[in-house]
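Comments concern the structure below.
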Amino acid sequence: MSHLTPAQLQALTQMLDQRATAAQAEIRAQAGQRADEPYADLSGGVNDPGDDATADQIVDLDNAMIGMELSELRDIAAARERMKNGRYGVCIDCQQEIDFERLGAYPTAKRCARCQGLHERTFASAPHPTL
Ligand SMILES: [Zn+2]
């Protein structure tokens, strides 16, 4: 059984719903706005090595952001699936329970903080999303 209370699970379910809605809205916005405001919203989270990005690079960044949102939607779907199976909130690496505090910050978390740290060091070569 899950170590989370029904109220905690409900709160996390709502967070997943909100994230899914936001991700879908972001995808629509990105797909619709690239012609008029190519630089909008690109400064957050994406380290562009220069200000002289070509149109191609801007399109690549848009695609990367859409890709991030799509992978977020996949993570959310997977988290909902784990909730259904009663495996939500259990680390996929060490099978330990993931703290509610961590799930509150990352409702799609598949690993506990310790295993996530190990995982990120192991796969540290890709800080940016790859296309
Ligand atoms: Zn773990």
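One-based numbering, in listed order, for ligands and for the atoms of each. All residue numbers refer to positions in the sequence shown, counting from 1.
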Report, one line per pair, each donor and acceptor closer than 3.5 Å where one atom sits in a side chain of residues 104-114; sequence neighbours left out.
| unit_1 | atom_1 | unit_2 | atom_2 | d |
| --- | --- | --- | --- | --- |
| R111 | NE | D93 | OD2 | 2.9 |
| R111 | NH2 | H119 | ND1 | 3.4 |

Contacts under 3.5 angstrom, residues 11-18 side chains, donor-acceptor by atom type, not counting sequence neighbours:
| unit_1 | atom_1 | unit_2 | atom_2 | d |
| --- | --- | --- | --- | --- |
| T13 | OG1 | L9 | O | 2.7 |
| D17 | OD1 | R80 | NH2 | 2.5 |

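With sequence neighbours excluded, the residues satisfying salt bridge (charged side-chain N to carboxylate O under 4.0 Å, His left out) with E72 are R19.
A donor-acceptor contact shorter than 3.5 Å links the side chain of H3 to the backbone of I98.
Here the protein contributes C91 SG, C94 SG, C112 SG, C115 SG as N, O or S atoms under 2.8 Å from the Zn ion (ligand 1).
With a 4.5 Å cut-off on side-chain heavy atoms, I27 and L70 count as touching.
Separation of atoms CG (L4) and CD (Q10) is listed at 13.0 Å; rounding is to 0.5 Å.
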